[in-house]
Each structure stands twice: as C-alpha cells, then as structure tokens.
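Chain naming here is simple, since letters A, B, ... match the order of the sequence lines and numbering starts at 1 in each. Side-chain atoms are counted along with the backbone in the values below, which use heavy atoms only and exclude waters and symmetry mates.
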Amino acid sequence: MNQERHITQVAVPRPLRTLLSYTLSTEQQPAPGTRVLVPFGKQYAVGLVMSTATVATDAADNSFMLKAVETILDATPLADPHLLELLQWAARYYHHPVGEVIFSALPGALRKPKPLSSRLQKWLAAPPTCLAAEPNPDGNERLPNTLLLTDEQQQCLHSIQQWNQQTPRRPILLHGITGSGKTEIYLRLIEPLFTAGKQVLVIVPEIGLTPQLLLRFARFFGDTPMACLHSGLSDGERLKAWLQARSGAARLIIGTRSAIFTPAPHLAMIVIDEEHDASLKQQEGFRYHARDLAIKRAQMLDIPIVMGTATPSLEALYNAQTSRFHYVRLNQRPGTTRKPDLHIQDTRPFELQAGLTPHSLQAIRQTLARGEQAMVFLNRRGFAPTLFCPACGWHASCQHCSANLTWHARRNRLVCHHCGAEQATPLQCPVCKNPKLTTQGQGTERLELTLQTTFPAALVVRIDRDSTSRKGQLEDKLSTVRGNDPLILVGTQMLAKGHDFPNLTLVVILDIDQSLLSTDYRALERLGQLLVQVAGRAGRADKPGRVILQTSQPEHPLLHQLVGQGYTPFARQLLEDRKRWHFPPFGYQALIRASSTASMEKALQFLEHISQRLLTIDSATIQRLGPIPAPLEKRANRYRAQLLLSSQQRAALHAALHQLLQQATTLPGRSGVRWSIDIDPIEFS
DNA sequence: AGCACGCCGACT
DNA sequence: GTCGGCGTGCTC
C-alpha cells in the first residue's frame, strides 16, 4: 500500500549522538527551529525540530515504529536555519551530542514544555524587519564619525574598513596595547551599521567587564536598543534579552561566551573583545571556544569579524603571520608619552617582608608619598596555601582531592580551592596533638594584612573572589579605587581585566615562579599575557607607570625577552618552540579525559584501551601522548587521567575520533569510568 | 539525562 | 522467601 507520511527530525536535550524521527499529522507543519513536545521513552521531552520531510511508506523501512509529535510548542521557530546550521556544525566539530549543543545555546527557560507567555510572544509576533538603510546622496555607505580619534586610530579604522570591503573576507586581528583605544575602534565600526538598521554582536570574556563596556556603548549610541546576556541574569531576563535579539529589536548585543549563539536576523558584524582570554572557552560539558565559533558564524554569514586584544593568542598571531587574518596594530596610548617601565626583581638575595623585597616596599612607599596608587598582584586567594605541623610534618589536605587546603583567616576555615569543601581549622595537629600549627606561603588575604601592618596609615583594598562575593562589593571597591586617593590595591587576576585606574602608577607582581617552571606548554603564553595585561594597569594620562616583577628565576630567557623586547617577540619565540614540537597552531590536538571513583588505574586502563583502539583506527597520522594521570590527580573524589592526541591533519584526527565514538559502547574497561573529549584543549589540569 | 531491567546481599 | 543496591542499555 502506497502511503505518505510526514516525518520530523528532532533534537532532544539528552546525550544522544543522533536526531530522533517522529511522525506529524498532515495539519502540523513546524518549521525547523520550532520547539515540540515529544514522547521519549516512558517520559516526554522538549525537542527542537531540525528538519521535516514527507516520505513514502511503501518501502520496508518500518524497522521500528515511529512515535508522533505530541505538541507543537511554538507558532514561530525560535532559531533560524543559519543558527541551526552553526550548531550542527559545532556538534560535529566538538564531537558533542547534538541535542545538548542545541539546548545549551537556547535560554534555559525554553527547556520547559511551555509556550511563551503572551507578554513574550510579542517578540515573535512581528516578522523581523530591517529598517532600510538611508542611502547617502552619493550612494556610498555612511562613514563613521572620526572626530576625536588619534591619527593612529583613524588609520586603523580606515584599514579595517578597507579590508571589510574586500572578498573573500578575512577575520581581523586588532592588536592594540592597553589604553590604545580598541573600544573606540569598535564603536566607530559599529556606528554606521546601526544607522542602517543592522545588528552587532560583541563578545566579552567576563561579566566583570560588561557593566563598564555597556555604559561606554550606551553613552556613545544613546537610545539604540541593546541586549545584554551574561551569567548574572535570571532565567526571565535572559529569555527577554534573547528574544529582543531574536526579533531584531535589540541592535547591539553584548554578552559572554554563550552569547555567540544569540539569534540576530540582521547581524552585520561580530566583535570579540580580549580574543586571547581563556574564559572564551567553555571548560565543561560542551567545550566550545566562543572565538572560534564566532569566526565560523561570521564566515557562514559573510560578515566582518574583529578580534581585539593587547596580547594576541599564539593561534591568532600565527593566523596573522600566515595571512589568514588581517592584522592591525595600535601602539600608542593617547595622552601618555611613555610605556610603563618594566623591571625584574630577583627575590633570592633578600629577606622578604610581606612577600615583598625591600626594593618593592620602597617603591610602594614612594608611590603613596606622591599621592598615587600601588597595586600588588598575587594570583592566590586565601591567607596561606598550606597549614602544617612543624613537629611531625602533617599537612592539611583535602579528603576529596590531591591538594592542600588553603587557610582562610577571616573565616578561620580550611578551604579546598578545587572542590570547594570546607572545614573548621583544627586546634591541634590531628596526628601528634601539637597545638602549634604553622602556615606556609601567602595568599591575598595575608598580603592585605601584612601590607596594612607595614603601611599602617595607608588604605589597603583587596579585590578577589572572597572579598567581592557579596552583591555590590566589587563595585564599591572599584569606585573607591577610582576615587584616586592614594592606596594599596591587592588582588588576584580579577584585577588584570579591563579596569581603568587613572591614579595607579605602580604594579608589583608576586610569585610567577610556578608558571616559569610549569610543564604545561601554554603556561608561558598565559603568563606573558597576564604580565602584559596587569602591567597595562599602570600609568595613565600624564603619569608614567612602573612595573616590578618579583621572581626567583630572574635569568629565565623568555622572561627577559618579554621584559626587554615586548610581547610580540616573546610570542614569536614561543611560536618557534611550538613549531619544533608540532604543537598548536602547527598541529591539532584533542584531549581525552577519564575519571573513576575507584582508582587511578581504572581511568588509566580505560584510556589505554582507547589508545590501542586509535592505533588500529589510524596509526600513521595521530600521535598519542599518555595516558598519564592529570596534574591534579584526584578531584572531588574522582581519580583523573588524560590522553593527549595530536595530528598534523585536523581531518584525520576528527575522523578517528568519530570512529572511536561509534565504537564507544564496546570499549573495554568503560564501566565506572566517566570520559569526555576536549577538542583544541587549552586547559590541562 | 532519566528510567527500567536484572542479578546478588540483609531483612520482615 | 522478598527489598533494594547500582551496573547496563535504551530512548524515534
């Protein structure tokens, strides 16, 4: 019997690597991107329609009975075909279940099997319209307002606009030193697009940056409608912002990494701010890199993408060198004559006070005396990273992780910075009952205290996760610093990002030795970026800045190169090393992680089986490093191991991983082991 | 991710 | 004899 039936392919938010097929009745015609409620096992699931088709059922394809779509939840699709294509591409590229990818890109509120409220439906009701651009009399596109730009900024802007007219288009890397006015360039690039009714997506690494940047945009663009998407929003706020972007009403969309998936029917440009920043890569579940997906999205839409940073990632620099990216520099700080003076301070000959050398202390004293501000940067929270017994050598370590507990003085608690576990500080050594326990090393909390003791008359302000956890606390502290009264600022890498402190003229950086000695091949790149970013906080306007780098490895050649010649030669040297070892960007990597609650052996053995399987899949083009225990061997009661795969050919690596995943359910030793694939890994801990 | 099925230890 | 532990497998 020849019959036709209507079929739809649906993505459900479950760890499935396939789409599921459901039947539709003839009157149901959901477009791709529409949410549907579908029967799923014994339950129901919210799914997203990926495609529909009408097929003949005469063929003997009834290998199983299809179930029918239960309810169509949306009258209008939520995602457009372009976005669905991007998400399906991402699912393949990152080897992640397609439904999880798709639903991680939608606001969480849309996972509920409910139609949108009528209040929100208005954003869907009107078909997106694009205001017609008002053509200039001479037919040219509107030019940006270049008033108040420096010559260098004008040239930079001009270059970018020239490139954006060329085909094929290439991503643009805007390498501008701190304070050189990258935001000013973004604003001028965006301006003419808004007047043509277009939308622009700006991705920033962290929420901490968003209010300031948003304010800057708001001031520049006046009442241009904006949507802001970041982790601090409630479900309702997020959905509303998302729908405003989706409707085309919000012209400027600013958000953190997941905002790269925001639908925007009139998207005309993407800006990635702080391109090098590691927080652009998601570090759990669907491990995507927002920068790389932004490049893909811009390429698919054939729109410009601009990536700005003071410290380009090695990948970006390499792409610039090989002309895959256009490259433009901003080397000047408007209103400042000199770059900060960078100085390496050997800590070995000195007895440190508050972790600082006499020279550093003297520099702080002088800075305060001039009525200026000093910052001491230490990338470690808490009072002391170790609590130990001097009598028997006992250390306070985490029961759930292979790590020491950090002592927090104010709370008088021992805290694990890896799993979050907390406990009361013991009154005596649990082994030998010695009541005199000692701390070793220092974190920002101790630094704050000792600096306050050393400079009793000075105001000391600490900015780290612990001192800014309450709402408004960070803003209070930042505004204190912006008040420009002399003070000492103490903090972690929270301070390295974006903030502008006009009266800050001295930066002292402590304890970089670990990064210099690290086995992680990305550690030096990150250190270089961090040092340049932190150093960039020093000296603004008419006041020259000064940076002191304390280390017990003052002869480290790359540190010298960084300090002596600057970031770019330093990065070029690192690229040379990467080339020699075929590390990224001269090769492609995937990291397979495995963990077990039972033992390290189980995790290692499972990865060994994977390694053997990959050997049979592709022994010629894929190198396997490991399996080895992860640097943090145990975390939250799980033993962790990893296997690093690398290849000169991206396609071969991906094909092998695809084959591996097809065999995933037959891998020996998988019982009790959790495992995951990280494509283009940047974090190896 | 849930949920059911299934095969081994301590209970009314 | 059953209740329930979580290993394994499936979801159109």
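Atom-to-atom, OH of A:Tyr44 to P of C:dT11 comes out at 17 Å; the value is rounded to the nearest Å. One can place CZ of A:Arg17 at 17 Å from P of C:dG9, the figure rounded to the nearest angstrom. Rounded to an integer number of Å, the gap from CZ of A:Phe286 to C1' of B:dA1 is 18 Å. The CZ-P distance, from A:Arg5 to C:dC12, rounds to 14 Å in whole Å. Note: CZ (A:Arg674) to P (C:dC6) measures 14 Å, nearest angstrom. Remark: C1' of C:dC12 and CG of A:Leu24 are 12 Å apart, rounded to the nearest angstrom. Distance A:Leu667 CG to C:dG7 P: 19 Å, rounded to the nearest Å. The interatomic distance linking A:Leu20 (CG) with C:dC10 (C1') rounds to 11 Å, in whole Å.
Each of A:Glu100 and A:Lys42 was matched to the nucleotide of DNA chain B holding its nearest heavy atom; the match closer to the 5' end belongs to A:Glu100.
A:Arg670 comes within 4.0 angstrom of the backbone, heavy atoms only, and of no base. Base engagement by A:Phe40 is indicated by at least one non-hydrogen atom pair under 4.0 Å involving a base atom. Using a 4.0 Å heavy-atom distance criterion, A:Pro13 is classed as making no nucleic acid contact.
Scored by the side chain to side chain donor-acceptor pair (under 3.5 Å) test, A:Gln623 finds no partners at all (sequence neighbours excluded). Shown here are the salt bridge (Lys or Arg N to Asp or Glu O under 4.0 Å) partners of A:Lys634, two or more places apart in sequence or in another chain: there are none. In terms of the side chain to side chain donor-acceptor pair (under 3.5 Å) criterion, residue partners of A:Arg593 (sequence neighbours excluded) are, by chain and number, A:Asp678. Residues satisfying the ring-ring contact (aromatic ring centres under 6.0 Å, His included) criterion with A:Tyr44, sequence neighbours excluded, are absent altogether. Residues meeting the side chain to side chain donor-acceptor pair (under 3.5 Å) test with A:His95, sequence neighbours left out: A:His654.
Looking only at atom types and distance, the side chain of A:Asp277 has a donor-acceptor partner in the side chain of A:Ser279 under 3.5 Å away.
Counting all heavy atoms, side chain and backbone alike, A:Tyr94 lies closest to A:Tyr288 at CZ-CA, 3.6 Å.
Under 4.0 angstrom from either OP1 or OP2 of C:dC12 there lies no side-chain N or O belonging to A:Arg14.
When each of B:dA4, C:dT11, C:dC12 is scored by its nearest atom to the side-chain atoms of A:Leu16, the top-ranked nucleotide is C:dT11. Listed nucleotides B:dA4, C:dG7, B:dA1 differ in distance to A:Ser671; the shortest reach to its side chain belongs to C:dG7.
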Under a cut-off of 3.5 Å for both distances of each Watson-Crick or G-U pair, what dot-bracket string does DNA chain B give, using [ ] for crossing pairs and | for inter-strand pairs?
|||||||||||.
